[in-house]
Amino acid sequence: MSAVTLSRSARTSRAAPRAVAAWLLICCAMIFAMAVIGAITRLTESGLSIMEWDPITGAIPPLSHAEWERLFGLYQETGEYRSLPGGMTLGGFQQIFWWEWIHRLWGRTIGLVYLLPFLWFLWRRKVPAGFAAPLWIGFGLGALQGFMGWFMVESGFSARTDVSQYRLVMHLGLALLIYSYLLWIALSLLRGVTPPAPRAPRRSLPIFLALLVLTLAAGGFVAGTDAGLTYNTFPLMDGRLVPSGYAALSPWWLNWFETIAAVQFDHRLLATLTLLGALALAWRSWARAGGTPLARGLALVAAAALLQYCLGVATLLAAVPVPLGALHQAGAILLLTATVDALHRRFARPRASAGTAPGMAGVAR
Ligand code: HEM
């Protein structure tokens, strides 16, 4: 093989992982936007406006007045509509309809933006060895999320007037899992081998991740129970550090998911621990190995945690206006992004051998 051919093939083998990584980062950006659209859909109470579930023809919006009337009629059968004190006009229905429609259309678009380039990369043999299986898993998780969306919305069409907070947290959690998973694979493709930073936090970083995951889930329960509409003071709740109605339900653990005072208090407490954890990690890492990529990554985590904390307090004090609620959701994903980046810098390892699926633990050379 000539030197020219060699360098061309070396260039191609570098270009392919970058192209796949760029495509995955586009998918991540779309999922980020999807989570914010999802938050707006919920905050504008639009999520139950489309009663039908048709993955293909549902992409076409109503094109005639009669069709609008038919869909409005279906919505009027829901508990949510019946609970509205003054009812709703067709114009009001159309407004909430569009948010839910955009949310679903964006979901379909992500599916296509994922699947079509993926098949093309497979056909052109551009997917680096060991990455096809994790990318198929990513596709499967996306399909599961479509089902989860339906499963969540379906819970609002019963006697309830809103969706189940448990299903909302599952839907939000799966979205954040898919986002982190694809981001991890993209970083693996871009970075190749990440050398461990000297004397940097090892065990404390996974503990921080666990804390963050709990805070995110607790935030989902605040959103799912509308707990942000009461106790709009900080740091005290109704003049007390721990609100009086914390343990209203029995068994005691049910309060964590269903008692508004407890749901909100837990989110505040976990968020405070997350912020303190982020600051401690960044400070310790900087003191020991300042200026390394990991120390810089952890400084970003701390900055994102501080921003997110302030956004949370502002959202609460203003009793969750739509723009602040959407920003708080975006801030959560920014913090998650910085955390995945820091974890990748600390823990990503080269694959033992080509052909081994990297999953969340290895990288392509
Ligand atoms: C590390 C810090 C924090 C993280 C990671 C975080 C994360 C989240 C997440 C993921 C949600 C669900 C958003 C949605 O589904 O739309 C949420 C909701 C919420 N959080 Fe936080 N949060 C943090 C700090 C705080 C703080 C300090 C407060 C107030 C003291 C707060 C108040 C709220 C409120 C009121 C909601 C409900 C918003 C809504 O109904 O849309 N958060 N949080």
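We count ligands from 1, going down the list as the structure has it; atoms in each ligand are counted the same way. Only heavy atoms go into these numbers, but all of them, side chains included; no hydrogens, no water, no symmetry mates.
Residue Gln264 does not touch ligand 1, judged by heavy-atom distances below 4.0 Å. Here Leu43 has side-chain heavy atoms under 4.0 Å from ligand 1, and that is the only part of it that gets that close.
The aromatic rings of Trp252 and Trp256 lie perpendicular to each other, with more than 60° between the two planes, well past the 30° mark. Note on ring orientation: taking the six-membered ring where Trp is involved, the planes of Tyr81 and Tyr75 are perpendicular (angle over 60°, cut-offs 30° and 60°). Between Phe139 and Trp136, the ring planes lie perpendicular to each other; the angle is over 60°, past the 30° to 60° tilted range.
Of the N or O atoms in His328, one or more lie within a sub-3.5 Å distance of an N or O in ligand 1. Taking any N or O of Arg42, backbone or side chain, at least one lies under 3.5 Å from an N or O belonging to ligand 1.
Listed by number with element, the atoms of ligand 1 under 4.0 Å from a non-hydrogen atom of Val320 are 38 (C), 39 (C), 40 (O), 41 (O). For ligand 1, the atoms lying closer than 4.0 Å to a non-hydrogen atom of Thr215 are 3 (C), 4 (C), 5 (C). Within ligand 1, counting atoms from 1 as listed, the ones closer than 4.0 Å to a heavy atom of Tyr309 are 27 (C). Atom numbering of ligand 1 starts at 1 in the shown order; those under 4.0 Å from a heavy atom of Phe234 are 30 (C). Within ligand 1, counting atoms from 1 as listed, the ones closer than 4.0 Å to a heavy atom of Ala39 are 16 (O).
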### Message
I'd like to know whether Asp266 forms a side chain to side chain contact (heavy atoms under 4.5 Å, CB included) with Tyr246, so could you lay out the CA-CA distance, the side-chain angles of the two residues, the decisive distance to 0.1 Å, and finally the verdict.
### Response
CA-CA 10 Å; Asp266 292 349; Tyr246 187 98; 2.7 Å; yes

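At least one heavy atom of Val222 sits under 4.0 Å from some atom of ligand 1.
Using a 4.5 Å heavy-atom threshold, the side chains of Leu135 and Tyr114 count as touching.
Evaluated by nearest non-hydrogen atom to atom 42 (N) of ligand 1, the leading choice among Gln329, Arg268, His267 is His267. Taking only non-hydrogen atoms, the option from Ala330, Gly219, Gly228, Gly325 nearest to atom 18 (C) of ligand 1 is Gly219.
When atom types are taken as modelled, the side chain of Asn255 and the backbone of Ala248 share a donor-acceptor pair closer than 3.5 angstrom.
Ring centroids of Trp150 and Phe147 are separated by less than 6.0 Å, placing the two rings close together.
When all heavy atoms of Leu298 and Ala282 are compared, the closest pair comes out as O-CB, 3.5 Å.
Counting only heavy atoms of the protein, atom 24 (C) of ligand 1 lies nearest to Ala271 CB, 3.4 Å.
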